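What you see is a predicted model; the values in this text were computed from it and never measured.
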Amino acid sequence: MLYSSTQNKNEVVSAAQAIAQGISKDGGLFVPQEFPQYDEAVLKSLLKEDYRGRAKKVFSDFLTDFTEEEIDDCVTKAYTAEKFDGENPAPLAFTSLDGKELNILELWHGPTCAFKDMALQILPHLLTKSLKKTYDGKDAVILVATSGDTGKAALEGFKDVDHTKIIVFYPVNGVSPMQKHQMNTQEGENVKVCAIEGNFDDAQTGVKRIFTTPEIAEKLAENNMLFSSANSINWGRLLPQIVYYISAYCDMVNEGKIAFGDKINVVVPTGNFGNILASYYASLMGLPVNKFICASNSNNVLTDFINTGVYDKNRQFYTTMSPSMDILVSSNLERLLYKLSGNDDKVTCEWMTALKTEGKYEVTDDVKAVIRDKFFGGFCDDAQTQATINKLFSENNYLCDTHTAVAVNVYEQYVEKTGDNTPAVIASTASPYKFSKAVLQAVAPGCELPETEFDMVDKLSKLTGMKVPAPLAGLKNKTARFSDVVKSEEMRDYVLKSLSIE
């Protein structure tokens with residue numbers, strides 16, 4: 001299995017190099033040249049496996065330069081019952097709303113209580129093995145731009161991992177208080193956390209610019225280092241996300257929710273497009289998916305794109321109660337466009353260049369037609385988000401976070417608009433306690449809010465009877481280690497100074 005750059009298909013690398021390098025030198029993203037095909041026999045065999053067994057199968061088909069023993073070691077260490085609060089790291093919860101059954105894929109039972117753990121608990125193992133295969137002796141410098149959850153999950157995954165250093169940038173006013181406290185209290189000798197003045201797109205653009213500046217890469221090389229990424233631009237981040245959609249389908253069959261071979265819909269709250277792209281990739285392998293429902297908040301650039309074929313980031317940026325989706329530049333959309341254009345690197349490069357220079361592009365009619373056929377785009381604002389949280393809790397005592405509520409709301413919109421009652425898997429991306437203020441205001445409108453974030457957590461727990469996850473409860477008495485704030489144009493110098501490189 002080899003990988004090509006979305007912006008230069010002549011740049012071909014192994015899986016290990018794609019993971020170690022993170023991003024192509026031309027700024028493109030690595031994509032597999034082909035997708036393994038899971039026919040009826042393969043999918044039926046996965047019904048009998050647990051999550052780890054399913055993960056080993058998927059990894060072995062994409063990471064063909066890894067040995068069976070290496071993959072087994074990565075999976076076994078990443079997905080332990082201790083880390084994920086149970087034997088199934090990605091369990092399904094079954095509830096309903098307005099009489100419609102909801103199959104909620106809870107992806108937040110890991111050590112940082114967000115779906116990013118599903119990938120970022122295994123990425124350090126994949127990366128260290130990849131480095132040995134491709135850049136033996138070098139230290140990896142992991143640069144991360146985060147809108148909240150990736151940062152903490154990456155810090156937790158990479159803390160004190162040999163031959164790695166990790167630097168995380170987040171928008172100073174663009175994450176929840178709990179997310180900020182999670183990052184700024186992070187332990188580990190090889191970690192750094194810095195806020196930037198700006199939004200997530202500014203952080204993401206800054207990181208990509210640093211990655212693709214030759215002089216900086218040369219400075220690192222002189223010091224026996226190289227850059228890599230823990231964002232979903234890294235194939236090693238995206239690949240693990242394919243697993244949980246395949247696993248969820250198997251669990252739906254095993255639970256009797258669908259018959260084997262039945263199609264499902266997939267609903268994902270999305271900003272950077274990686275999570276929903278993983279489900280699309282799973283369908284290319286043979287997973288029976290009818291529709292991909294892309295749920296956005298008020299930053300509805302993806303909704304407009306799906307409906308018109310025009311991607312236009314020249315619009316107002318909203319800071320919402322679902323901050324992990326406050327994104328106007330969806331990096332992983334590039335991978336989808338490359339695939340839908342027939343692996344046309346030139347036209348993909350043209351679109352990405354237009355996005356950088358003009359802030360917009362329009363895809364071809366052929367690509368528009370496929371997107372309209374396969375995808376549905378919808379969005380909701382903060383008021384609708386809170387109303388959905390309230391309704392779900394009032395009707396069925398099911399508590400969800402603000403991002404999951406966006407997905408549920410858009411799913412309701414989809415069913416009302418289309419009448420399609422195909423069973424749906426809804427990706428639940430974070431614990432409600434990571435956004436306790438918004439969730440508390442939703443389930444108890446008009447209540448008097450406690451002063452501190454952790455008092456809000458306690459009040460929400462008493463009110464709902466839902467236990468606070470241990471990783472969040474344990475943060476209460478932790479002191480912040482990091483308080484740096486820089487302008488986006490100062491990120492380069494911050495990185496070099498953090499690495500003690502002049």
Verdict with supporting geometry, Tyr135 and Gln17, side-chain contact (heavy atoms from CB on, under 4.5 Å): CA-CA 9 Å; Tyr135 298 99; Gln17 189 169 348; 3.7 Å; yes
Which word best sums up how the rings of [X] and [Y] line up, parallel for under 30°, tilted for 30 to 60°, or perpendicular for over 60°?
| X | Y | answer |
| --- | --- | --- |
| Tyr414 | Phe376 | perpendicular |
| His181 | Phe454 | perpendicular |
| Phe292 | Tyr280 | perpendicular |
| Phe35 | Tyr281 | tilted |

Is it the case that more than 12 heavy atoms not belonging to [X] sit under 6.0 Å from its [atom1] atom?
| X | atom1 | answer |
| --- | --- | --- |
| Lys459 | NZ | yes |
| Gln33 | CD | yes |
| Lys129 | NZ | yes |
| Lys374 | NZ | no |
| Lys487 | NZ | no |
| Lys83 | NZ | yes |

Which pair of heavy atoms, one from [X] and one from [Y], lies closest together, and at what distance?
| X | Y | result |
| --- | --- | --- |
| Gly27 | Gln7 | O-NE2, 3.8 Å |
| His403 | Ser324 | NE2-N, 3.1 Å |
| Asp26 | Gly28 | OD1-N, 2.7 Å |
| Leu155 | Ile166 | N-CD1, 3.9 Å |
| Tyr433 | Val457 | CE2-O, 3.5 Å |
| Val31 | Tyr338 | CG2-CE2, 3.5 Å |

Any side-chain donor near an acceptor of the partner, [X] and [Y], under 3.5 Å:
| X | Y | result |
| --- | --- | --- |
| Asp381 | Ser298 | no |
| Asp202 | Ser488 | no |
| Asn234 | Arg237 | no |
| Asn8 | Ser5 | no |
| Gln386 | Asp382 | no |

Backbone N/O of [Y] and side chain of [X]: donor-acceptor pair under 3.5 Å:
| X | Y | value |
| --- | --- | --- |
| Ser130 | Leu126 | yes |
| Asn223 | Met225 | no |
| Asp484 | Cys194 | no |
| Asn231 | Ala145 | yes |
| Ser228 | Ile19 | yes |
| Asn314 | Glu358 | yes |

Aromatic ring proximity, centroids under 6.0 angstrom, Tyr79 and Tyr51: yes
Are any of the side-chain nitrogens in [X] or [Y] under 4.0 Å away from the carboxylate oxygens of its partner?
| X | Y | result |
| --- | --- | --- |
| Lys152 | Glu156 | yes |
| Arg481 | Glu187 | no |
| Lys476 | Asp458 | yes |
| Lys313 | Asp201 | no |

Would you check, one step at a time, whether the test side-chain contact (heavy atoms from CB on, under 4.5 Å) holds for Leu472 with Ser431? CA-CA 9 Å; Leu472 297 182; Ser431 163; 4.1 Å; yes
Can you tell me how far the [atom1] atom of [X] sits from the [atom2] atom of [Y], to the nearest 0.5 Å?
| X | Y | atom1 | atom2 | value |
| --- | --- | --- | --- | --- |
| Trp351 | Ser341 | CH2 | OG | 5.0 Å |
| Gln182 | Lys434 | CD | NZ | 4.0 Å |
| Phe169 | Thr146 | CZ | OG1 | 12.5 Å |
| Tyr361 | Tyr311 | OH | OH | 6.0 Å |

Yes or no on side-chain contact (heavy atoms from CB on, under 4.5 Å) for Val207 and Met491, after CA distance, side-chain angles and deciding distance? CA-CA 8 Å; Val207 164; Met491 290 169 63; 3.9 Å; yes
Residues Thr128, His163; criterion side-chain contact (heavy atoms from CB on, under 4.5 Å); working and verdict: CA-CA 8 Å; Thr128 51; His163 301 294; over 6 Å; no
Pairs under 3.5 angstrom only: tabulate donor-acceptor contacts from the side chains of residues 435-442 to other protein residues two or more places apart or in another chain.
| residue | atom | partner | partner atom | Å |
| --- | --- | --- | --- | --- |
| Ser436 | OG | Glu453 | OE2 | 2.9 |

